[in-house]
Number of protein chains: 2
Amino acid sequence: MARTTGSHSDITGPRIRDAALRLFARHGYAAVSMRQIAGEVGVQAGALYNYIPDKQSLLAELMRDHMVELLEAVPVSAADVPLAQLEAFVRFHIGFHHARPDAVFIAYMELRNLAPENFAEIEDLRGRYEAILEQILRDGAEAGAFDVPDPKIATLAVIAMLTGVTTWFRAGGRLSLQDVQDQYWDMVRKSVSA
Amino acid sequence: MARTTGSHSDITGPRIRDAALRLFARHGYAAVSMRQIAGEVGVQAGALYNYIPDKQSLLAELMRDHMVELLEAVPVSAADVPLAQLEAFVRFHIGFHHARPDAVFIAYMELRNLAPENFAEIEDLRGRYEAILEQILRDGAEAGAFDVPDPKIATLAVIAMLTGVTTWFRAGGRLSLQDVQDQYWDMVRKSVSA
DNA sequence: GATTTATCTGAACGGGCGTTCAAACCCAAG
DNA sequence: CTTGGGTTTGAACGCCCGTTCAGATAAATC
């Protein structure tokens, strides 16, 4: 068995995913060709197929990895009161998404380019993430800490608001990430308060 | 001069825009071919070029029309107090966007597929719309009616939250448009309140 | 009924697409 | 130094792309 240690595969594989992530985010899945991705990696198009079955699977893998990472990183501390849980969620969401603008962009924009079975899988993962916030709001509402007539709507409203940050916020500008987190937390806190 | 009254052009033209709007929203600009659009209209691809210079101009026109319509319809009543202006804006935004899900989808997702000069134009229109909300928030903050440390951020937060409605709300479901407007207005009002 | 002209067809253009695959390459192992 | 297999090339496949345009079509005017 030759070429196990000095193999390029553990280098080329990640580089393909990196290039695809950046290009898909910048130009959109449908507008990016396999030859463009290969060009970024410094390889011919045919070589990509040693690492991925096809273009569709590449997109699905990028989105799945992002969603799984998101679900593994989201803080769930049932010990805290709902208000503290909500604050942690808000600050986490902004911070996590800010660190991965390309993946966020793809995860929200390329859903329509997923084959049905991949779409269902990604939607399931997204649903699980939203369920975490919804549970926090529901707990807080039952405890009387929040005034939220419909936790499902409030969940979607809060997530839409928070995710919007990635469309305009860039580090090094007028505001720090901390500033943004502070102000969004303030707005969210008030919007669900009794 | 023949073929002026019975001409097809006043029928085919709008049908091309309708078909393109629907297809671009459903599959994305890059994934839709001119032949698909022509097929929906019931015409050959070449005939499209009697009505549009090229595919890019078609996209730009759809987005421009939507933004212009939005700017013409947004209520600006300087006579009202900021709180009433804000309520009118929130209800208008949800209602207007709900009535045009395809146009909204395109206006937010296809910016990256615009040629630079078209992009600049659309961004300018969007900026004018955001400026209207920002002014309301600024006025309210100065008058002491709102507690909004940074009106620019608050503007983006509110618009992101409101626009999110179009991604999930469909008439005939559990909630009426009125219900949604009521709950969103409640959240927005609280989020900017002192 | 002849004319005019807006509208549309249908074929063609050059080019890029996703994907496949035999052959070449290169390097660790023996 | 030979071998074997992981990795890459480069050409090819059939197909679809946006756009153009000469010619056919059809309806309003004279």
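Reminder, nothing fancy here: chain letters follow the sequence lines and each chain counts from 1. Every value quoted in this text rests on a predicted model; they were computed, and no experiment measured them.
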For E121(A), enumerate each residue passing the side chain to side chain donor-acceptor pair (under 3.5 Å) test, keeping only those at least two apart in sequence or located in another chain. R64(A)

Distance check: side-chain N/O of T12(B) vs OP1/OP2 of dC8(C), anything under 4.0 Å? yes

Tell me, please, which residues at least two apart from D179(B) pass salt bridge (Lys or Arg N to Asp or Glu O under 4.0 Å). none

Residue list, salt bridge (Lys or Arg N to Asp or Glu O under 4.0 Å) with R189(B), at least two apart or on another chain: D186(B)

Under 3.5 Å, which donor-acceptor pairs link side chains of residues 78-88 of chain A to any protein atom two or more places apart or in another chain?
{"from": "D80(A)", "atom 1": "OD2", "to": "S77(A)", "atom 2": "OG", "distance (Å)": "3.0"}
{"from": "Q85(A)", "atom 1": "NE2", "to": "D80(A)", "atom 2": "O", "distance (Å)": "2.9"}
{"from": "E87(A)", "atom 1": "OE2", "to": "R91(A)", "atom 2": "NE", "distance (Å)": "3.0"}
{"from": "E87(A)", "atom 1": "OE2", "to": "R91(A)", "atom 2": "NH2", "distance (Å)": "3.3"}

Would you kindly give the [atom1]-to-[atom2] distance between [X] and [N], to the nearest whole Å?
X      : N       : atom1 : atom2 : answer
I11(A) : dC27(C) : CD1   : C1'   : 14 Å
I16(B) : dT7(C)  : CD1   : C1'   : 11 Å
N50(B) : dT9(C)  : CG    : P     : 10 Å
Q44(A) : dA22(C) : CD    : P     : 19 Å
H27(B) : dC17(D) : NE2   : P     : 12 Å

Is the distance between the ring centroids of H66(A) and Y108(A) under 6.0 Å? no

With the sugar-phosphate defined as primed atoms, P, OP1 and OP2, and the base as all remaining atoms, what B/S/- string results for nucleotides 18-24 of chain D, 5' to 3', for protein heavy atoms under 4.0 Å? BBB----

Sort and list the pairs that fulfil salt bridge (Lys or Arg N to Asp or Glu O under 4.0 Å) and have at least one residue in residues 40-50 of chain A, not counting sequence neighbours. R22(A)-E40(A)

